[in-house]
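In this chain, residues are counted from 1 in sequence order.
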Amino acid sequence: MSSATTTSLNSPIILHLGPVLARLSESDFYEFCQLNRDLRIERTENGDLIIMAPTGGNTGWRNLALSSQLWNWCDRDGTGIGFDSSTGFLLPNGAKRSPDASWVLRERWDALSDEQQEEFPPLAPDFVMELLSKHDALEELRSKMREYIANGVRLGWLIDRFSQRVEVYRAGQGPVTLDHPTMVNGDPELPGFVLDLTQIW
């Protein structure tokens, strides 16, 4: 049947469901997530569920700072759609992931049907941000960033607020680490988007 592993109350719970989950359609899985809206649920390409509790206050307000800066740029730029951490995307490898903030080119978004837009969009965002929280494992987030890039994400930022570092991921390149930056620039993928990190540190 299934088993669960966890290391602490605040750590993600991993459920190994195997063929149980495989019998669920994408719509069934979406409904399952809607029935558990207080939880952030991701699915790996192997079918395991990763269940995360709501974030704590220090991470929550920083996530809002990330999302609000991305939204302000989206509103001015108009070439794409921004999303917060509650949005799940179905990646080409079958995983369902929810970045802390993300962005999709409008032409790719508009190519989806109304039903696809309403549920978990079946695409990889063009841009993602992940913010390391107290209970996150850095190597697991790095693995997630590599998965994003392998599935078509063009630009990804892994933000480590504890070390004040940003790891920049791009397709066809190794990650580049920025130490103690006060800002990070989204050019050329997101022209004109500059994230003010003084609000995050």
As an exercise, state the distance from CD1 of I200 to CD1 of I159, rounded to the nearest 0.5 Å. 6.5 Å
Just wondering, do D160 and L141 contact through their side chains at under 4.5 Å, heavy atoms? no
Quick one: salt bridge (charged side-chain N to carboxylate O under 4.0 Å, His left out) partners of D187, sequence neighbours excluded? none
Residue list, salt bridge (charged side-chain N to carboxylate O under 4.0 Å, His left out) with R62, at least two apart or on another chain: none
Here the gap from Q173 atom CD to L155 atom CG, rounded to the nearest 0.5 Å, amounts to 10.0 Å
Looking only at heavy atoms, what is the nearest atom pair of S163 and H180, with distance? O-CE1, 3.7 Å
Whether W103 side chain and W71 backbone form a donor-acceptor pair below 3.5 Å: no
Could you please spell out the steps behind the side chain to side chain contact (heavy atoms under 4.5 Å, CB included) verdict for L158 and L138? CA-CA 9 Å; L158 172 52; L138 180 58; 4.0 Å; yes
Does V128 reach the side chain of M145, with side-chain heavy atoms less than 4.5 Å apart? yes
Which atoms form the tightest heavy-atom contact between P125 and R108, and what is the distance? C-NH1, 4.0 Å
Do E167 and T177 have side chains that get closer than 4.5 Å, going by heavy atoms? yes
Out of the candidates R97, E130, R154, only one should pair with Y148 under the side-chain hydrogen bond (donor to acceptor under 3.5 Å, both in side chains) rule; please name it. E130
Value rounded to 0.5 Å, distance of NZ in K144 from CG in D136: 7.5 Å
Value for CG (D84) from OG (S98), rounded to nearest 0.5 Å, stands at 9.5 Å
Test log, rule side chain to side chain contact (heavy atoms under 4.5 Å, CB included), inputs F127 and V153: CA-CA 6 Å; F127 167 67; V153 170; 5.7 Å; no
Under a 4.5 Å side-chain heavy-atom rule over Ile, Leu, Val, Met, Phe, Trp and Tyr, are V168 and L197 clustered together? yes
Single-linkage hydrophobic cluster L190~W109, side-chain heavy atoms < 4.5 angstrom: no
Okay, side chain of Q69, backbone of D196: is any donor-acceptor separation there less than 3.5 Å? yes
Would a hydrophobic clustering, with Ile, Leu, Val, Met, Phe, Trp and Tyr connected at side-chain separations under 4.5 Å, put L131 with M129? yes
S67 side-chain N/O to L64 backbone N/O, donor-acceptor pair under 3.5 Å: no
Report the residues that fulfil side-chain contact (heavy atoms from CB on, under 4.5 Å) with N93, sequence neighbours left out, ordered by chain and then residue number. E45, L91, A95, E147, N151
If you take all heavy atoms of R161 and L132, which pair is closest and at what distance? NE-O, 3.7 Å
Among residues at least two apart in sequence or on other chains, which ones pass side chain to side chain donor-acceptor pair (under 3.5 Å) with S143? none
Any donor and acceptor pair, going by atom type alone, linking the side chain of D126 with main-chain N or O of L105 inside 3.5 Å? yes
Going hydrophobic residue to hydrophobic residue with side-chain gaps under 4.5 angstrom, can you get from V166 over to V176? yes
Look at the rings of W73 and F193 and say which category their plane angle falls in: under 30° parallel, 30 to 60° tilted, over 60° perpendicular. tilted
Under the salt bridge (charged side-chain N to carboxylate O under 4.0 Å, His left out) rule, collect the residues that match up with E139, sequence neighbours excluded. R142
Within a radius of less than 6.0 Å around CD of E140, do more than 12 heavy atoms belonging to other residues, nucleotides or ligands occur? no
For the atom pair CD1 (I81) and CG (L112), what is the distance rounded to the nearest 0.5 Å? 10.5 Å
W201 side chain to P181 main-chain N or O, any donor-acceptor pair under 3.5 Å? yes
Report the residues that fulfil salt bridge (charged side-chain N to carboxylate O under 4.0 Å, His left out) with R146, sequence neighbours left out, ordered by chain and then residue number. none
Got P99 and F83 here, is their nearest side-chain heavy-atom distance under 4.5 Å? no
Any side-chain heavy atom of I149 within less than 4.5 Å of one from R170? no
Look up atom CG in D100 and atom OG1 in T87, then write down how far apart they are to the nearest 0.5 Å. 11.0 Å
